[in-house]
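Numbers restart at 1 for each chain; the letters A, B, ... are given by sequence-line order, proteins then strands.
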There are 2 protein chains.
Amino acid sequence: MNIDRRSGCPINLSLEVFGDRWSLIILRDIIFGGRRHFRELLNGSMEGIASNILADRLKRLMELGMLTKTGDPSHKQKAIYSLTEMAITLVPILAHLGAWGRVWLPVSDELSIRAELLEKGGPPMWEQFMNELRYEHLGTSPAPTGATVRAILQAGYEAAVARNVERVGCDPAP
Amino acid sequence: MNIDRRSGCPINLSLEVFGDRWSLIILRDIIFGGRRHFRELLNGSMEGIASNILADRLKRLMELGMLTKTGDPSHKQKAIYSLTEMAITLVPILAHLGAWGRVWLPVSDELSIRAELLEKGGPPMWEQFMNELRYEHLGTSPAPTGATVRAILQAGYEAAVARNVERVGCDPAP
DNA sequence: CAATCTGATTGCAATTTGCAATCAGTTGCA
DNA sequence: TGCAACTGATTGCAAATTGCAATCAGATTG
């Protein structure tokens, strides 16, 4: 995972930033899952990332200017990872990527509901979500009022899981 | 480059399709560079892909349904690679990716001019470009009339190269 | 004081990458 | 006809990368 600088093409350079199996997954979990700590990212992602890979990618994303790390005042050992503006502006790309995947790939119902909501909300919803992220991660932007986008996405996900439980007829794994 | 199916998340599945160093570069060269043959892709991309990697990725992209291969009637050995609708609908994602890269990464002038034009043109231009690609690669859609998007992008690129030559004061490499 | 949780690091085997060389069939040209 | 150049690949192989398992030291909790 070195930084090649193979060419100055924007698409190539973008690929050199997150053209691997894990970087964008980590950013997805921070952005949509609201995860901020190492352990949350390690255990939270359903793809099962290994701890050394996670450590390596977090370091790389910090070097690239996509993340910053600060200490957690409540726990001297905890680190809090925050998105930079550079990472927050990936939201529209992630929304497009999710929409494309929903059309062409065998996505699962529960996991694609968020992509669907984000697609239906369109650019205004993305903008609001980015402002919420700026509030949470950069401390800029006024505090969001009313229902946050993340709460809407989370509610949609939980409703989908509930529908699925009803249909399958058993409780989800704890 | 096996297909994992780590999770049914749309973003994860999308990453499993082109979350590597080369797949999207190849698609970029076919889409924006108009390359259709193995050799064109091998020598044309400025990132310098190796022939075995190219062969492997072309095969994989065919298995994933992003490309099809047909024989060239004028040359019994030549293969022509064509985009599928699945690949053509990546155009908006590539446009966003290029726009993001232009803002945040050290892109070169000549190579980012296409991304800039595509960004300025917005969704209407992307739609027109996708229809041109459908005409060229799928045989559907009516033949484009007037200046094609690819011609506009190519003209912009050449003008940028010319400006650069003037500024630097020497001829470009042949 | 012991168990547990924190963000990592290390060893190591398997896989992936990509350079160099090579291949067999096709075409162009003298 | 003969031969070089070109076509889309394939193979060998060394180097780099990946990721599982085990482990680490310091901080917190009970």
Side-chain angles (χ1 to χ4, degrees), chain A residues 1-7 12 15-27 29-30 33 35-64 66-82, chain B residues 1-7 12 15-26 29-30 33 35-64 67-82:
Chain A
M1 281 284 85
N2 55 336
I3 292 142
D4 284 358
R5 201 60 46 86
R6 299 182 297 187
S7 86
N12 174 58
L15 273 181
E16 291 183 10
V17 171
F18 42 72
D20 75 285
R21 299 299 249 199
W22 293 110
S23 298
L24 211 55
I25 294 289
I26 294 169
L27 291 169
D29 287 342
I30 298 177
R35 310 194 201 288
R36 306 295 294 266
H37 301 293
F38 191 93
R39 291 283 152 173
E40 285 177 343
L41 289 162
L42 189 63
N43 305 321
S45 92
M46 41 197 357
E47 285 86 8
I49 190 170
S51 67
N52 56 341
I53 307 290
L54 176 59
D56 179 79
R57 293 304 189 279
L58 287 173
K59 186 178 150 208
R60 205 181 105 94
L61 288 169
M62 283 189 287
E63 286 167 359
L64 288 165
M66 308 273 284
L67 294 178
T68 58
K69 181 164 78 167
T70 53
D72 186 331
S74 77
H75 189 304
K76 281 182 187 167
Q77 221 170 7
K78 269 188 180 169
I80 297 178
Y81 294 92
S82 297
Chain B
M1 281 283 83
N2 56 336
I3 292 142
D4 285 359
R5 200 60 46 83
R6 299 181 298 189
S7 87
N12 174 58
L15 271 183
E16 289 182 11
V17 172
F18 41 72
D20 75 285
R21 296 299 246 198
W22 293 111
S23 298
L24 212 56
I25 293 290
I26 294 168
D29 286 343
I30 299 177
R35 312 196 198 286
R36 306 293 294 267
H37 302 294
F38 191 92
R39 290 283 153 172
E40 287 178 342
L41 289 162
L42 188 62
N43 304 322
S45 91
M46 44 198 352
E47 285 85 8
I49 189 170
S51 66
N52 56 344
I53 307 290
L54 176 58
D56 178 79
R57 292 306 190 282
L58 286 173
K59 187 178 151 211
R60 204 179 106 95
L61 288 170
M62 284 189 285
E63 287 168 0
L64 288 166
L67 294 178
T68 58
K69 179 165 78 169
T70 53
D72 186 332
S74 76
H75 189 303
K76 283 181 185 164
Q77 221 171 9
K78 269 187 180 170
I80 297 179
Y81 294 93
S82 298

Side chain to side chain contact (heavy atoms under 4.5 Å, CB included) for A/I25 and B/N12? Distances and angles first, verdict last.
CA-CA 7 Å; A/I25 294 289; B/N12 174 58; 3.7 Å; yes

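- Checking D/dT7, C/dG7, C/dT9 against the side-chain heavy atoms of B/K78 singles out D/dT7 as nearest.
- Side-chain contact check for B/I26 versus B/L58: some heavy-atom pair is nearer than 4.5 Å.
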Check against side chain to side chain contact (heavy atoms under 4.5 Å, CB included), B/W22 and B/E47
CA-CA 9 Å; B/W22 293 111; B/E47 285 85 8; 3.7 Å; yes

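- A close approach under 4.0 Å does occur between a side-chain nitrogen or oxygen of B/W22 and OP1 or OP2 of C/dG18.
- Positionally, the nearest nucleotide of DNA chain D for B/L58 lies more toward the 5' end than for the other of A/G48 and B/L58.
- Rounded to a whole Å, the CD1 atom of B/I25 is 16 Å from the C1' atom of C/dG18.
- Of the candidates C/dC19, D/dT18, D/dC20, the closest approach to any side-chain atom of B/N52 belongs to C/dC19.
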Checking side chain to side chain contact (heavy atoms under 4.5 Å, CB included) for the pair B/R21/A/E16: CA distance, chi angles, key distance, verdict?
CA-CA 7 Å; B/R21 296 299 246 198; A/E16 291 183 10; 4.3 Å; yes

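- Distance CD1 (A/I26) to C1' (D/dG19): 13 Å, rounded to an integer number of Å.
- Phosphate contact (OP1/OP2 of C/dG18, side-chain N/O of B/R57, threshold under 4.0 Å): absent.
- Using a 4.0 Å cut-off between a side-chain N of Lys or Arg and a carboxylate O of Asp or Glu, A/D20 and A/R57 qualify as a salt bridge.
- Rounded to whole Å, the distance from CG on A/L42 to P on D/dC20 is 11 Å.
- Within the structure, every side-chain polar atom (N or O) of B/H37 is placed at least 4.0 Å from both OP1 and OP2 of D/dT7.
- Within the 4.5 Å cutoff, side-chain heavy atoms of B/I80 are placed close to those of B/H37.
- Here the nucleotide nearest the side chain of A/I53, chosen from D/dG8, D/dG19, C/dT9, is D/dG19.
- Between the CG atom of A/D20 and the C1' atom of C/dT17 there is a distance of 15 Å, given to the nearest Å.
- For the pair B/E40 CD and D/dC6 C1', the computed distance is 13 Å after rounding to whole Å.
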Check nucleotides 28-30 of chain D for protein N or O atoms closer than 3.5 Å to its own N or O atoms and list the pairs.
from	atom 1	to	atom 2	distance (Å)
D/dT28	OP1	A/K76	N	3.1

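- A donor-acceptor contact closer than 3.5 angstrom is absent between the side chains of A/S23 and A/R60.
- Residue B/K69 is in sugar-phosphate contact alone, with no base atom involved, counting any heavy-atom pair closer than 4.0 Å across all strands shown.
- The separation between B/R39 atom CZ and C/dT27 atom P is 15 Å, rounded to whole Å.
- Rounded to an integer number of Å, the gap from B/F38 CZ to C/dT26 P is 18 Å.
- If you measure from atom CD1 of A/I49 to atom C1' of D/dT18, you get 11 Å, rounded to the nearest angstrom.
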